[in-house]
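Notes for the one structure printed next.
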Amino acid sequence: MSDGTPAAARTVAAPAAPGGARPSVIQLVFRERGALYAAYIPLLTEGGLFVPTTREYRLGEDIYLLLSLPDDPQRYPVAGKVAWITPANASGGRTQGVGVRFPTDEKTRHLKVKIEEILGTSIQSAKPTQTI
């Protein structure tokens with residue numbers, strides 16, 4: 001994890017239905033706190049995560065995450081939106097993927113609080129991440 005890549009994050013993308021009617025589904029599994037730190041986006045008011053993917057997305061596109069956190073058997077569904085895109089061959093060797101903004105709802109607000117509790121004071125760290 002020396003480059004900040006969330007090595008313990010695993011994504012499994014299901015393509016959207018023809019015509020893009022349904023958002024893609026990505027399963028993110030964070031086995032380590034360091035991987036969650038590298039992917040978490042505290043700058044977004046609602047919170048969000050960086051999702052490493054080679055699939056093409058557009059800003060504002062719906063994306064459905066099934067999120068697993070370190071040492072937590074529960075999976076958290078999140079219906080987010082693409083907030084930024086890191087293209088292939090991005091400068092600085094950054095991983096290709098998308099930043100997903102969490103929705104503004106009570107359930108996801110609790111998830112944001114849970115993530116921030118897991119990360120604790122490391123949120124304030126200057127250690128590089130895959131996020132903005």
Side-chain angles (χ1 to χ4, degrees):
M1 267 199 326
S2 59
D3 67 353
T5 302
R10 179 172 53 93
T11 62
V12 179
R22 289 189 348 205
S24 63
V25 177
I26 296 180
Q27 182 177 335
L28 274 176
V29 179
F30 293 100
R31 300 190 196 296
E32 303 169 359
R33 194 169 65 115
L36 182 60
Y37 167 80
Y40 183 61
I41 311 167
L43 295 176
L44 296 176
T45 304
E46 304 85 5
L49 289 168
F50 174 77
V51 178
T53 182
T54 57
R55 184 179 183 274
E56 298 275 329
Y57 285 94
R58 294 181 314 276
L59 289 176
E61 188 172 342
D62 292 330
I63 189 167
Y64 190 78
L65 303 178
L66 289 174
L67 178 63
S68 296
L69 300 174
D71 302 319
D72 185 345
Q74 184 174 344
R75 288 192 339 172
Y76 300 91
V78 178
K81 293 206 178 280
V82 175
W84 98 83
I85 299 167
T86 302
N89 304 313
S91 64
R94 300 192 62 87
T95 302
Q96 181 178 358
V98 294
V100 177
R101 178 175 43 90
F102 291 168
T104 306
D105 62 32
E106 194 61 22
K107 192 173 173 183
T108 311
R109 190 183 70 73
H110 287 296
L111 175 60
K112 178 184 182 212
V113 168
K114 182 164 187 64
I115 290 171
E116 291 180 352
E117 284 173 355
I118 290 168
L119 295 176
T121 57
S122 66
I123 287 178
Q124 317 284 312
S125 173
K127 184 177 174 184
T129 69
Q130 289 296 320
T131 69
I132 50 179

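Note that this is a predicted model, so its numbers are computed, not measured.
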Distance, nearest 0.5 Å, that separates [atom1] of [X] from [atom2] of [Y]:
X: I63; Y: Y57; atom1: CD1; atom2: OH; result: 3.5 Å
X: R101; Y: L59; atom1: CZ; atom2: CG; result: 10.5 Å
X: I115; Y: I118; atom1: CD1; atom2: CD1; result: 7.0 Å
X: R31; Y: D71; atom1: CZ; atom2: CG; result: 11.0 Å
X: L119; Y: R33; atom1: CG; atom2: CZ; result: 7.0 Å

Going by an N to O cut-off under 4.0 Å, is there a salt bridge joining E61 and R55?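 Looking at R55 together with E61, the answer is yes, because their closest N to O distance falls below 4.0 Å.
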
Ion pair present between D72 and K114, side-chain N to carboxylate O less than 4.0 angstrom?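 K114 and D72: salt-bridged.
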
I'd like to know if the side chain of K112 reaches the main chain of P42, judged simply by a donor and an acceptor atom lying under 3.5 Å from each other, with no hydrogens or angles considered.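 Here the side-chain-to-backbone pair does not exist.
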
L66 backbone acceptor or donor facing R75 side chain under 3.5 Å: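 Between the backbone of L66 and the side chain of R75 there is no qualifying donor-acceptor contact (under 3.5 Å).
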
Does CD belonging to Q74 count more than 12 external heavy atoms closer than 6.0 Å?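 Yes, the 6.0 Å shell around CD holds more than 12 heavy atoms from other groups.
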
Quick one: do D62 and K81 satisfy side chain to side chain contact (heavy atoms under 4.5 Å, CB included)? Show the steps, please. CA-CA 5 Å; D62 292 330; K81 293 206 178 280; 2.4 Å; yes

Looking only at non-hydrogen atoms, find the nearest pair between [X] and [Y] and report the distance.
X: P103; Y: G80; value: CD-CA, 4.3 Å
X: I41; Y: F50; value: CD1-N, 3.8 Å
X: T95; Y: T86; value: O-CG2, 3.2 Å
X: L36; Y: P70; value: CD2-CD, 4.1 Å
X: Q96; Y: A88; value: OE1-CB, 3.3 Å

So, Y37 versus E32: side-chain donor-acceptor pair below 3.5 Å or not?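 No, no side-chain donor-acceptor pair sits under 3.5 Å.
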
Verify the distance criterion only: is there a donor paired with an acceptor across the side chains of Y76 and S68 at less than 3.5 Å?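 On atom types as modelled, these side chains do not qualify, holding no pair under 3.5 Å.
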
Could you tell me if the side chain of F102 sits less than 4.5 Å from the side chain of L44, heavy atoms only?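 No, side chains not in contact.
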
Close side-chain approach of I26 to Y64, heavy-atom, < 4.5 Å: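 No - every pair of side-chain heavy atoms lies 4.5 Å or more apart.
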
Stepwise side chain to side chain contact (heavy atoms under 4.5 Å, CB included) test for W84 and V98: CA-CA 6 Å; W84 98 83; V98 294; over 6 Å; no

Could you walk me through whether L111 and L69 pass the side chain to side chain contact (heavy atoms under 4.5 Å, CB included) check? CA-CA 10 Å; L111 175 60; L69 300 174; 3.9 Å; yes

